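Predicted model only: the values in this text are computed from it and were never measured. Naming: A, B, ... by sequence-line order, numbering from 1 per chain.
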2 protein chains.
Amino acid sequence: MARMGIKQIAALAGVSIATVSRTLRNPEIVSEQTRNKVQKAIDESGYKPNKLGASLRTHRSGNVVAIIPDVTDPFNSGIICAIEQQAQKLGYSVLLGDTQNDKERAKQYAEMAEYGQADGIILFSHELPFNLDPNKNVLEQLPPLINASEATEHQELPKVLVDNYSGACQATQHLIDLGHKRIAIITGPLQTNSTQERLRGYKDTLFSAGIAYDEQLVCEGDYHLESGMNETEKLLLLKDRPTAIFCFCDDMAIGASKVLKENGYNIPADVSLVGFNDIRYATYMTPALTTVRQPVAELGRIAMLQLHQLLNKAPADNETVLPVELIVRQSTGPNKTN
Amino acid sequence: MARMGIKQIAALAGVSIATVSRTLRNPEIVSEQTRNKVQKAIDESGYKPNKLGASLRTHRSGNVVAIIPDVTDPFNSGIICAIEQQAQKLGYSVLLGDTQNDKERAKQYAEMAEYGQADGIILFSHELPFNLDPNKNVLEQLPPLINASEATEHQELPKVLVDNYSGACQATQHLIDLGHKRIAIITGPLQTNSTQERLRGYKDTLFSAGIAYDEQLVCEGDYHLESGMNETEKLLLLKDRPTAIFCFCDDMAIGASKVLKENGYNIPADVSLVGFNDIRYATYMTPALTTVRQPVAELGRIAMLQLHQLLNKAPADNETVLPVELIVRQSTGPNKTN
DNA sequence: TATTTTACAGAAAACGTTTTCTAAATTGAA
DNA sequence: TTCAATTTAGAAAACGTTTTCTGTAAAATA
């Protein structure tokens with residue numbers, strides 16, 4: 001297949017290139033007769049208009065870049081999948097920006113927007129991968145950007161989040177309702193918005209129930225499975241060990257579960273376990289994991305929708321908060337130690 | 001930040017645009033003095049060369065599209081992650097083409113190469129998303145394309161695969177060594193190369209051990225968790241039920257495990273279970289899943305490397321086969337029914 | 001010193017589109 | 001019929017680069 005350009009098609013159809021372009025983008029303003037001629041030439045030649053040419057002219061690549069810490073994490077990949085779905089519906093393509101938690105890579109991906117490779121960014125991070133001039137308006141220094149799932153410190157940026165506070169409240173209350181008083185948590189990185197909100201929910205709920213906040217029971221994890229294991233080991237060394245552990249993500253809960261079992265603890269008889277995210281495998285763990293379900297598909301869908309708004313100069317909502325839901329399974333049970 | 005083009009930089013530095021371009025792409029052919037002038041202008045203005053302009057001119061978008069059935073599957077996302085890693089090293093960006101098993105979408109993504117949005121394709125499918133003219137050479141009708149993990153019927157296409165045959169042999173032999181004779185399998189779709197190869201490995205190994213092949217024991221799954229459950233239920237209805245089940249992916253094994261447990265079967269005491277892939281969660285299942293590990297990172301890395309070759313007109317290897325490894329954990333044990 | 005080579009930098013074309021501007025042809029109103 | 005309004009389509013500019021082709025100045029050779 002010889003490379004065909006709009007010129008060749010124009011020649012083939014005996015019209016100008018402008019007419020070919022119009023037939024493709026604005027069929028209604030070209031007469032039926034000419035339109036047919038052009039269409040015939042296109043069909044016969046199998047012409048595929050070059051997107052780069054068009055993009056260059058229109059200043060729109062039609063790409064968005066999703067900057068994400070790790071596609072390998074099922075929670076992330078779920079959102080990515082939803083973003084991608086919605087992107088296709090809206091006519092965008094998604095560039096994958098898996099940073100592996102490397103700031104430098106995040107920056108490189110972010111720059112795609114500045115090099116014209118992408119029109120906008122969906123960012124899953126609490127860190128903004130740009131060097132900002134603190135004296136100037138934040139928004140004006142950035143390409144169109146939506147924060148998803150995690151937020152940066154810059155309040156001006158549009159974000160679509162999940163009700164982390166409520167999720168933590170529900171989880172904590174559930175444990176309290178089961179009679180637990182010594183409820184440990186394994187958080188994510190303390191700088192993240194998600195962890196801060198969940199921590200707040202945890203504290204508030206404890207307080208409402210009249211349970212004293214015990215710093216010994218809060219461990220900082222990093223949302224990775226291994227940290228769930230490490231922190232659980234520490235918790236088990238405590239004199240007065242917790243009867244329940246609330247992990248801020250399922251992976252850490254899975255890690256915790258492994259350590260608990262290895263040490264002969266029965267879940268939930270000896271210690272109850274709650275996760276966060278409700279990844280696909282949560283139901284299939286033994287015991288099935290009680291967890292806070294995030295509306296992953298909705299999160300991705302809306303993030304993409306909002307970015308689309310932004311790209312059309314319509315302001316995006318500054319903050320969208322989606323509800324979460326506690327899914328009670330078998331990893332939580334009544335506190336039997338009292 | 002006012003949009004800066006190469007023209008503005010040229011003016012700022014008092015040189016021609018050609019010189020600016022050369023400073024950026026071929027610094028060695030411009031004198032140090034001029035280079036410095038230009039560099040200064042670039043630094044001061046924060047100029048980011050527009051990639052679309054360059055791509056248009058060079059006929060290289062610098063993008064590759066990964067056409068994949070489902071990012072949400074940890075096996076797939078593992079490969080994608082590796083591809084992405086390697087792509088970045090080589091200076092490419094990865095467009096995500098999650099098809100959700102929809103042929104039409106696969107085709108749309110494949111067309112990105114024809115529209116100049118992508119330079120090449122990494123395809124995870126046994127179906128070629130193109131309409132081919134059967135009279136003509138296959139390769140000449142396709143954009144640069146590498147098959148990864150799964151192969152199409154077209155032998156000419158370069159592919160990087162895993163030694164599915166050997167994997168199935170190892171798994172089957174392991175079960176035979178444990179004394180199992182009634183070894184059921186839950187395959188993937190029969191049209192896929194991966195399943196065909198594994199099936200062949202299974203049959204050959206049975207034959208070598210002098211165990212008769214029993215068609216009742218082979219169930220066709222679809223690599224999804226649910227099908228693992230469904231097929232296991234069928235297997236349990238058999239008069240002479242299997243003492244071991246070898247699932248062609250971990251997700252199906254996880255599904256099988258659930259059904260087995262629900263029906264009161266003990267793993268591995270009553271029935272042994274083997275998976276394929278060794279996803280991250282395989283170790284954390286109860287019992288930990290014996291499975292065939294695929295070199296996911298290597299697979300992705302090589303696929304991208306091969307595509308890179310192709311894009312530089314160097315022929316890619318027609319077939320790369322990577323070794324797999326049986327990881328024995330707790331879901332397999334001696335056959336106790338004899 | 002005269003001549004050839006080499007190093008460097010500018011002008012301009014090219015990549016493949018979209019879109020503005022203009023002109024011709026057609027239609028409708030008067 | 002004439003004139004204005006509308007429809008239609010072409011010419012040409014523009015998007016932001018890279019690269020070829022030239023030309024000039026400096027360096028190397030004789």
Which ring-ring contact (aromatic ring centres under 6.0 Å, His included) pairs, counting each pair once, include a residue from residues 45-95 of chain B, with sequence neighbours left out?
-> B:Tyr92-B:His308
In a check of side-chain contact (heavy atoms from CB on, under 4.5 Å) between B:Gln306 and each of B:Asp317, B:Ile122, B:Asn147, which one passes?
-> B:Asp317
Please identify each residue that fulfils side chain to side chain contact (heavy atoms under 4.5 Å, CB included) with B:Asn135, with sequence neighbours left out.
-> B:Asp133
Show your reasoning for whether side chain to side chain donor-acceptor pair (under 3.5 Å) applies to A:Gln88 and B:Arg105.
-> CA-CA 9 Å; A:Gln88 216 199 21; B:Arg105 295 187 69 184; 2.7 Å; yes
Interface residues of residues 30-41 of chain B with DNA chain D (non-hydrogen, below 4.0 angstrom) = none
Rounded to whole Å, NE2 of B:His59 lies from C1' of C:dG16 at a distance of 9 Å
Using 4.0 Å as the upper bound for N to carboxylate O, is an ion pair formed by A:Glu111 and A:Lys107?
-> no
Qualifying ring-ring contact (aromatic ring centres under 6.0 Å, His included) pairs, either residue in residues 11-40 of chain B, two or more places apart = none
Using a 4.0 Å cut-off on protein heavy atoms (strictly under), produce a 5'-to-3' string for nucleotides 17-22 of chain D with B for base contact, S for backbone-only sugar-phosphate contact, and - for none.
-> BBBB--
Please give, in whole Å, the distance from C:dT6 P to B:Glu28 CD?
-> 18 Å
Looking at five pairs on each end of the helix from C:dT1-D:dA30 to C:dA30-D:dT1, what is the angle between the two axes, given to 10 degrees?
-> 40°
Do you see a donor-acceptor pair shorter than 3.5 Å between the side chains of A:Ser194 and A:Glu150?
-> yes
Atom CG in A:Leu145, atom NE2 in A:His154: separation rounded to 0.5 Å?
-> 11.0 Å
Spatial distance of atom CZ (A:Arg35) from atom OG1 (A:Thr19) [nearest 0.5 Å] | 12.5 Å
side-chain contact (heavy atoms from CB on, under 4.5 Å) test vs B:Leu123 passes for just one of B:Ile68, B:Leu128, B:Leu142, namely B:Leu128
